[in-house]
There are 2 protein chains.
Amino acid sequence: MRRRSGNFWDGVEGRAPKPRAAATLGWEFVDADVEEGTIEVSFAATESFTNPMGEVLGGFLAAMLYDTVGPALLATLEPGQFISTMELKASFLRPVSPGRVVGSGRVAHRNGDIAFLDGFLSDLDGATLATATATARVINMDPSIRQRSTKEGRRRDG
Amino acid sequence: MRRRSGNFWDGVEGRAPKPRAAATLGWEFVDADVEEGTIEVSFAATESFTNPMGEVLGGFLAAMLYDTVGPALLATLEPGQFISTMELKASFLRPVSPGRVVGSGRVAHRNGDIAFLDGFLSDLDGATLATATATARVINMDPSIRQRSTKEGRRRDG
């Protein structure tokens with residue numbers, strides 16, 4: 001595994017506070033393979049996310065999917081880079097009760113600044129609860145990084 | 001406007017508690033046209049929804065879009081009916097700061113149990129922040145309603 005630096009890893013490894021949205025979702029880092037562009041995270045779905053049936057509202061599952069596939073890309077970035085997720089498509093397969101939800105995310109393909117992401121949520125028995133695809137753009141906060149990335153012709157295939 | 005009965009209107013009009021997920025999103029009913037299948041709602045995006053940039057995480061915008069397009073359909077249902085949203089596709093157009101977000105939802109087309117929904121979020125200046133389409137299925141909790149609906153050949157076009 002490569003070095004773990006940059007904004008994302010600062011948050012995961014306690015050098016920066018966890019993002020507020022991540023804390024609200026009960027987001028926890030589990031594991032990542034930066035070379036493969038894969039990540040596993042988990043969420044704590046609480047009663048505050050439920051619909052009148054007592055199930056987790058699909059909207060909160062979409063939020064969890066967003067915060068699964070985004071981190072798959074974030075984990076691969078250089079310091080000073082951030083991402084803008086442009087779109088997310090989520091499919092809701094099964095009803096979800098409050099409790100722990102596992103998120104598995106992947107950078108399916110990267111072409112320059114554009115990354116195609118996918119992922120899914122599962123319960124502790126391994127049943128798939130919801131799936132998503134997303135498209136994101138890598139943003140360089142520091143212009144010097146943009147030049148370096150362009151010169152390196154950074155590209156992933158998967 | 002037709003009568004306002006059923007689970008959704010019970011929540012809106014205070015005869016039943018607001019769903020937990022809706023309360024978490026600061027969801028408020030603004031207006032609806034049940035004949036047209038349109039609805040306007042609003043959300044209170046708090047600091048607890050933000051990413052490290054201080055913007056509302058797109059995942060929470062997806063949750064708001066989900067809780068905009070679903071209610072457009074919910075508002076049109078008979079008592080004893082509920083919905084299952086099967087998929088949601090969201091596009092994130094602009095960064096969103098914490099504050100009030102307006103959600104506009106619509107039943108674009110209904111064919112029997114299946115409804116095609118769309119909607120968008122906007123700020124108080126009317127700028128579109130994010131858009132979504134979704135596909136949902138109407139569920140009859142009471143079998144006698146299913147028979148009635150089938151006989152009536154309930155169908156909407158838009």
Q: Could you check which of B/Ala134, B/Gly58, B/Ser91 has the highest count of heavy-atom pairs closer than 4.5 Å to chain A?
A: B/Gly58
Q: Of all of A/Thr135, A/Leu25, A/Thr133, A/Val56, which one pairs up most often with chain B through heavy atoms under 4.5 Å apart?
A: A/Leu25
Q: Is there a continuous path of hydrophobic side-chain contacts, each under 4.5 Å between heavy atoms, that joins B/Leu77 to B/Val34?
A: yes
Q: Measuring from atom CG of B/Leu93 to atom CD of A/Glu87, what distance do you get when rounded to the nearest 0.5 angstrom?
A: 11.0 Å
Q: So which of B/Gly11, B/Ala21, B/Pro95, B/Ala63 has the biggest tally of heavy-atom pairs under 4.5 Å with chain A?
A: B/Ala21
Q: Do B/Val138 and B/Met141 sit in one hydrophobic cluster, given that two such residues count as connected whenever their side-chain heavy atoms are within less than 4.5 Å of each other, even indirectly?
A: yes
Q: What's the separation between atom CE in A/Met53 and atom OG in B/Ser84, rounded to the nearest 0.5 Å?
A: 9.5 Å
Q: How long is the gap from CG on A/Asn51 to CZ on B/Phe82, to the nearest 0.5 Å?
A: 4.5 Å
Q: Can you get from A/Phe92 to B/Ile139 by hopping between Ile, Leu, Val, Met, Phe, Trp and Tyr side chains that sit under 4.5 Å apart?
A: yes
Q: State the CZ-CZ distance between A/Arg20 and B/Phe60, to the nearest 0.5 angstrom.
A: 11.0 Å
Q: Among B/Ala62, B/Ala22, B/Ser48, who wins on heavy-atom pairs under 4.5 Å with chain A?
A: B/Ser48
Q: When rounded to the nearest 0.5 angstrom, what distance separates CG in B/Leu61 from OH in A/Tyr66?
A: 7.5 Å
Q: What option among A/Thr50, A/Asn7, A/Thr46 has the most heavy-atom pairs under 4.5 Å with chain B?
A: A/Thr50
Q: Are B/Ile83 and B/Phe116 co-members of a hydrophobic cluster defined by side-chain heavy atoms under 4.5 Å apart?
A: no
Q: Rounded to the nearest 0.5 Å, how far apart are CH2 of A/Trp27 and CG of B/Leu57?
A: 11.5 Å
Q: If you count heavy-atom pairs under 4.5 Å between each of A/Pro52, A/Ala130, A/Ala23 and chain B, which one has the most?
A: A/Pro52
Q: Select, from A/Leu88, A/Thr24, A/Thr131, the one with the greatest count of heavy-atom pairs under 4.5 Å involving chain B.
A: A/Leu88
Q: Does one hydrophobic cluster hold both A/Trp9 and A/Leu74, with members joined at side-chain heavy-atom distances below 4.5 Å?
A: yes
Q: Does any backbone or side-chain atom of B/Ala90 lie under 4.5 Å from a heavy atom of chain A? Answer side chain, backbone, both or neither.
A: both
Q: Pick whichever of A/Pro17, A/Pro19, A/Gly54 has the most heavy-atom pairs under 4.5 Å with chain B.
A: A/Pro19
